[in-house]
Protein chains: 2
Amino acid sequence: MNKQVKVLVVEDDPNICELVTLYGEKNGYIVNVAQNGMTGLEMFYDTTPDLVVLDIMLPEMDGWEVCKEIRRFQKTPIIILTGKGESYDKLKGFELGTDDYIVKPFDPNELMARIKAVLRRVNPILVENELIELPLLKIDMNQYKVICDTQEIVVAPREMELLYFLASHPNQVYTRQQLLDQIWGLDFDGDPRTVDVHVKRIREKLGDSDRCWRVQTIRGVGYKFEVDNE
Amino acid sequence: MNKQVKVLVVEDDPNICELVTLYGEKNGYIVNVAQNGMTGLEMFYDTTPDLVVLDIMLPEMDGWEVCKEIRRFQKTPIIILTGKGESYDKLKGFELGTDDYIVKPFDPNELMARIKAVLRRVNPILVENELIELPLLKIDMNQYKVICDTQEIVVAPREMELLYFLASHPNQVYTRQQLLDQIWGLDFDGDPRTVDVHVKRIREKLGDSDRCWRVQTIRGVGYKFEVDNE
DNA sequence: TCTTTTCATGAACGGAGCGTGAACAAATTT
DNA sequence: AAATTTGTTCACGCTCCGTTCATGAAAAGA
């Protein structure tokens with residue numbers, strides 16, 4: 001198991017703090033929060049985080065100052081949080097060496113994705129690879145790549161996610177609705193049989209040779225990714 | 001036997017309350033209902049449920065408040081009930097530490113499935129595994145798989161459910177009508193002899209070797225899954 | 001033994017559920 | 001803006017499943 005990744009959030013809005021903390025912990029990070037720039041810096045030296053999420057509009061000491069101060073001796077990755085109105089000075093950001101930025105209001109999942117991306121770029125060891133390997137099948141969610149029978153296969157995003165989800169829960173049956181909720185999201189309000197079409201496309205792309213795994217239809221229930229045990 | 005699982009439902013629509021209660025009790029849960037957020041919280045501290053089903057649109061105190069309040073010190077799993085139209089504030093977080101959510105109008109069985117899934121993830125001991133293992137017989141409802149004499153058997157959905165139900169209540173006799181009510185549902189209005197045909201098909205699929213278990217006919221009454229206690 | 005009741009079994013019908021191709025819409029790329 | 005890729009829906013056909021019915025066998029009671 002990898003060591004726990006520490007994230008420092010410097011942000012004065014307690015709601016956002018709470019939100020980021022919740023999502024961060026859900027993703028397995030240790031999250032520390034500072035409500036202003038000063039305590040942010042203190043906490044930085046105190047906890048030596050692997051990444052900093054930094055609001056620009058801060059009381060006492062603004063985000064750029066914090067950023068500059070951190071960058072004097074450390075190259076810890078920094079993700080900037082900026083309000084919609086606040087003109088984010090790209091040049092300034094580059095000069096100060098930030099790694100990414102996200103505009104409020106933001107989708108927490110989006111932020112999590114960015115954190116993961118930055119961490120991977122800066123320190124790949126910290127990030128667990130979303131990779132599934134089976135005989136004659138390799139699904140790499142990071143590179144969005146599927147290799148089947150030693151040759152790469154072009155799989156569309158949705159197909160990729162569906163295949164990955166099924167394959168990461170082998171032998172477990174899921175109803176169409178469960179798959180829609182998990183992969184499409186709760187707000188998707190469409191035909192459950194959409195899943196069928198994606199399954200079909202996955203199947204025809206992977207071919208129908210005899211392997212120790214397959215996407216199985218369970219009539220009256222749904223689908224499962226079946227793997228033969230030895 | 002496992003200890004009884006307690007579920008708290010916080011929902012103002014009495015119809016939904018009744019529905020969830022009915023289904024919940026059928027699944028062996030102790031169901032408590034609160035009609036608004038305030039009494040919901042009181043009842044939470046009062047009954048210490050194992051899981052909370054929480055509507056978002058509530059009088060007096062909205063679901064997010066209840067959620068936040070519960071989450072202050074407890075990590076009791078929460079399943080959110082949300083209307084289709086209600087746009088949830090992404091920033092606020094529709095997943096403010098909730099474990100799952102389901103959109104109204106929903107299929108009660110779907111909700112039951114989610115409750116079970118969440119419970120299994122959070123506290124596996126509370127959930128009885130949908131798995132029956134006997135000498136020369138394995139019924140796995142999660143994988144929708146029956147293994148008899150070390151080889152897999154293809155069993156149709158209804159047969160599967162019937163076999164599972166009987167096998168999970170060994171040596172208990174059920175009339176045809178009871179079986180219809182339990183498995184087909186109360187709204188089924190057909191020939192009770194339908195059960196006979198399914199029993200027959202189960203029997204011929206499982207073979208008629210001498211084993212320590214069998215589906216027994218009790219003449220004039222119904223059927224039972226008989227297991228020899230050596 | 002004969003009658004009656006109850007169950008097992010095979011066959012058959014109707015329908016639900018799924019695979020598939022194609023069309024359309026939306027997003028993405030060029 | 002055009003072209004390509006991707007996502008979704010629809011319609012058709014087919015298969016498999018659930019249900020019912022008819023018939024004969026088995027059990028129970030007289």
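- Residues B:Arg211 and B:Asp149 are paired through a salt bridge, judged by an N-O separation under 4.0 Å between the basic side chain and the carboxylate.
- Electrostatic pairing of A:Arg214 and A:Asp208 does not count as a salt bridge here, judged by no charged N lying under 4.0 Å from a carboxylate O.
- Side chain A:Arg201 to base D:dT8: a donor-acceptor pair is found below 3.5 Å.
- The base of D:dT23 does not come close enough to the side chain of B:Arg193 for any donor and acceptor atom to sit less than 3.5 Å apart.
- The side chain of B:Trp184 has D:dT19 as its nearest neighbour among C:dC7, D:dT6, D:dT19.
- Electrostatic pairing of B:Arg176 and B:Asp196 counts as a salt bridge here, judged by a charged N lying under 4.0 Å from a carboxylate O.
- A sub-4.0 Å separation between OP1 or OP2 of D:dT8 and a side-chain N or O of A:Arg158 is present.
- Nearest heavy-atom pair across B:Val227 and B:Asn171 is N-OD1, 3.0 Å.
- Rounded to whole angstrom, the span from the CE atom of A:Met160 across to the P atom of D:dG7 amounts to 12 Å.
- B:Leu162 comes within contact range of no nucleotide atom at all, as no heavy-atom separation falls under 4.0 Å.
- Using a 4.0 Å cut-off, no side-chain N or O of B:Thr217 falls inside it from OP1 or OP2 of C:dT6.
- C:dA22 atom P lies 18 Å from atom CG of A:Asp196, rounded to whole Å.
- Picking from D:dT8, C:dA8, D:dG18 the nucleotide with the shortest atom distance to the side chain of A:His198 gives D:dT8.
- At a threshold of 4.0 angstrom between heavy atoms, the contacts of A:Val197 include nucleobase atoms, whether or not backbone atoms are also involved.
- Judged by atom type and distance alone, B:Arg219 reaches the base of C:dT5 through a side-chain donor-acceptor pair under 3.5 Å.
- Atom C1' of nucleotide D:dT20 and atom CZ of B:Arg176 are separated by 15 Å, given to the nearest angstrom.
- Note: CD1 (A:Ile218) to C1' (D:dT15) measures 16 Å, nearest angstrom.
- Side-chain atoms of A:Arg219 do not come within 3.5 Å of backbone N or O of B:Pro157 as any donor-acceptor pair.
- With D:dT20, D:dG7, C:dC7 as the candidates, the nucleotide lying closest to the side chain of B:Thr194 is D:dT20.
- For A:Tyr223, no side-chain nitrogen or oxygen approaches OP1 or OP2 of C:dG17 to under 4.0 Å.
- Side chain of A:Lys200, nearest nucleotide from C:dG21, D:dT19, D:dT20: C:dG21.
- In this structure, the CG atom of B:Leu179 is 16 Å from the C1' atom of D:dG18, given to the nearest Å.
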